Amino acid sequence: MYPMNANTLQLALFGDVPAFEKPLHTNQPYSAAPQQFFNHVEQCFDRGWFTNDGPLVRELESRISRFLGVEHCVAVTNATLGLQLLMNALELRGEVIVPSFTFVATPHAVCNSGLHPVFCDIDPDSWNMDPGHCASLINEKTSAILSVHLFGRPCDTHRLQEIAQDHNLKLIYDAAHAFACSHTNKKIGGFGDAEVFSFHANKFFHTIEGGAITTNDGELAQRLRLDRNFGFVGIDNVESLGTNAKMSEVHAAMGLSNLDLLDDTLGRCRDVYQSYADGLRDIPGVTIRNYDAQGDSWNYQYVVAEIDEQLNGIPRDLMVDILCAENVIARRYFYPGCHRMAAYAAPRFQRCLPITEKVADRVIVLPGGAAMNAQSAREICSLIQYTVDHAAPILERVSKIDGAWRVTT
Ligand SMILES: *Cc1c(COP(=O)(O)O)cnc(C)c1O
């Protein structure tokens, strides 16, 4: 057993060598098929076709729409632009209801579309938009609900659809985390008026940078295709205020090679997740979240732990600092909640969001995803266990100064 002497704590925070030589990030890019990628890129050179609705983008779109069981897939530069393109094409006005507990791109896309984000609280169980709170925020200025399948957990699509219908609102989803996830035995991608995926390098499936809008609405898809290319219809006829949100052939090449790896990616994510689930099961005060439910399936990309105050007195932020010192780059996603970020400090964005704040103060996202490995996950669990077991001597040597934990002795 480890000695309990405060001076011999085997932690990098106190000067020991880090447990890992190189930083382990949450969701490091995964790509195991360089040769397939190079082969696809070679075709671009052969054709001399590198962007503007090329054959690789088309192939990627058709494979994705088949995989997701949705009629249309419109590939774009990234999800943030995809959300903006979509809100523009839907001709939204006024206010859009969004969760605050999300990556900041969600409300940023609303603002950058000339709309006003109204922050909604989350459900304490799912951590997704609380439909009841959402309904209470609707007024005559509301034009849409933009909900997020956070960490790949599907939203309450049924209730949100009812609310949207009752109030004649558009319903769109930020599905950045939810590629290959299903809800009610249907893949995410076909819910609401449209859904937007991110294919950024640290997402479950990626094209380095990229994204896609999926929808079963053919007219909307057509408008999105024109709008991602400045609104051009034909050679010199521009019918709408579009932008440049095209995906390049080289990005599509990465997508095509990664699409072939999807089963392998999922298997790796699941193994890493399972390793954490086993390792954390017996640590009181740490709960690892699982989003496999009846009729739902999950991609296991995010390893999300909830830390309660009973973690032997170790506060969440101190645990994060201890892990980071060991090169385990744990993150407080999505702390502090967008409504508490400087960009949204203006009174018009402020709301009382008690569940969001409570969850944001407890969450730790651990390094997960297909680029991680199960052995490192086990070692991280041991580190957490060690920290909890040695809480008393650790707490003797640290103090919170100006909101940050510092080693004091
Ligand atoms: C990553 C992410 C985005 C932004 O995606 P990009 O493709 O990088 O623009 C949007 N929303 C959420 C929830 C994300 O995690």
Side-chain angles (χ1 to χ4, degrees), residues 25-30 57 60 64 73-88 96-113 115 117 119-120 122 126-129 144-155 172-181 188-189 191-192 194-214 224 228 243-248 251-252 254-255 258 269 291 298-304 331-339 341 343-344 356 359-360 363 365 368-369:
H25 293 279
T26 54
N27 307 321
Q28 279 191 172
Y30 179 66
V57 165
L60 183 69
I64 288 175
C73 169
V74 180
V76 289
T77 315
N78 58 56
T80 310
L81 270 176
L83 285 166
Q84 289 176 219
L85 207 64
L86 176 60
M87 288 186 274
N88 187 57
V96 176
I97 301 173
V98 291
S100 164
F101 195 57
T102 177
F103 183 56
V104 75
T106 321
H108 273 11
V110 175
C111 289
N112 288 320
S113 304
L115 300 159
F119 289 119
C120 181
I122 50 172
S126 70
W127 296 4
N128 281 328
M129 183 183 272
I145 299 167
L146 165 51
S147 193
V148 182
H149 303 297
L150 198 78
F151 302 133
R153 157 130 193 184
C155 295
I172 58 180
Y173 291 100
D174 177 337
H177 302 166
F179 196 79
C181 298
I188 297 291
F191 292 94
E195 308 210 50
V196 180
F197 292 95
S198 170
F199 299 153
H200 182 262
N202 68 15
K203 300 302 202 286
F204 176 78
F205 162 76
H206 78 90
T207 61
I208 307 169
E209 288 273 0
I213 308 161
T214 55
L224 291 167
R228 77 175 166 184
T243 184
N244 182 358
K246 300 186 298 293
M247 178 182 279
S248 84
H251 291 87
M254 188 64 153
N258 285 341
C269 289
Y291 298 134
W298 182 41
N299 62 22
Y300 296 91
Q301 156 91 344
Y302 286 89
V303 178
V304 184
R331 300 293 304 267
R332 304 180 291 179
Y333 289 151
F334 286 96
Y335 179 85
C338 296
H339 72 294
M341 289 183 163
Y344 294 99
T356 297
V359 170
V363 65
V365 176

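All values reported here derive from a predicted model rather than from experimental measurement. Note that ligands are numbered from 1 as they come in the structure, with each ligand's atoms numbered from 1 the same way.
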> Check whether any side-chain N or O of H149 sits under 3.5 Å from a backbone N or O of C155 as a donor-acceptor pair, and report yes or no.
yes
> Please find out if less than 6.0 Å separates the ring center of Y291 from that of Y302.
no
> Which of parallel (below 30°), tilted (30 to 60°) and perpendicular (above 60°) describes F101 and F334?
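If you compare the ring of F101 with that of F334, the planes turn out perpendicular.
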> Would you say the side-chain atoms of S100 pair up with the backbone N or O of H339, donor to acceptor, closer than 3.5 Å?
yes
> Okay, side chain of S198, backbone of G211: is any donor-acceptor separation there less than 3.5 Å?
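Not at all, since once roles are kept as given, no pair shorter than 3.5 Å links the two residues.
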> What are the polar N/O contacts of ligand 1 with the protein below 3.5 Å, with distances?
{"unit_1": "ligand 1", "atom_1": "5 (O)", "unit_2": "S198", "atom_2": "OG", "d": "3.2"}
{"unit_1": "ligand 1", "atom_1": "7 (O)", "unit_2": "A79", "atom_2": "N", "d": "2.8"}
{"unit_1": "ligand 1", "atom_1": "7 (O)", "unit_2": "S198", "atom_2": "OG", "d": "2.7"}
{"unit_1": "ligand 1", "atom_1": "9 (O)", "unit_2": "A79", "atom_2": "N", "d": "3.3"}
{"unit_1": "ligand 1", "atom_1": "9 (O)", "unit_2": "T80", "atom_2": "N", "d": "2.9"}
{"unit_1": "ligand 1", "atom_1": "9 (O)", "unit_2": "T80", "atom_2": "OG1", "d": "2.5"}
{"unit_1": "ligand 1", "atom_1": "11 (N)", "unit_2": "D174", "atom_2": "OD1", "d": "3.4"}
{"unit_1": "ligand 1", "atom_1": "11 (N)", "unit_2": "D174", "atom_2": "OD2", "d": "2.7"}
{"unit_1": "ligand 1", "atom_1": "15 (O)", "unit_2": "H177", "atom_2": "NE2", "d": "2.6"}
{"unit_1": "ligand 1", "atom_1": "15 (O)", "unit_2": "K203", "atom_2": "NZ", "d": "3.3"}

> Between Y344 and F119, is the ring centroid distance below 6.0 Å?
yes
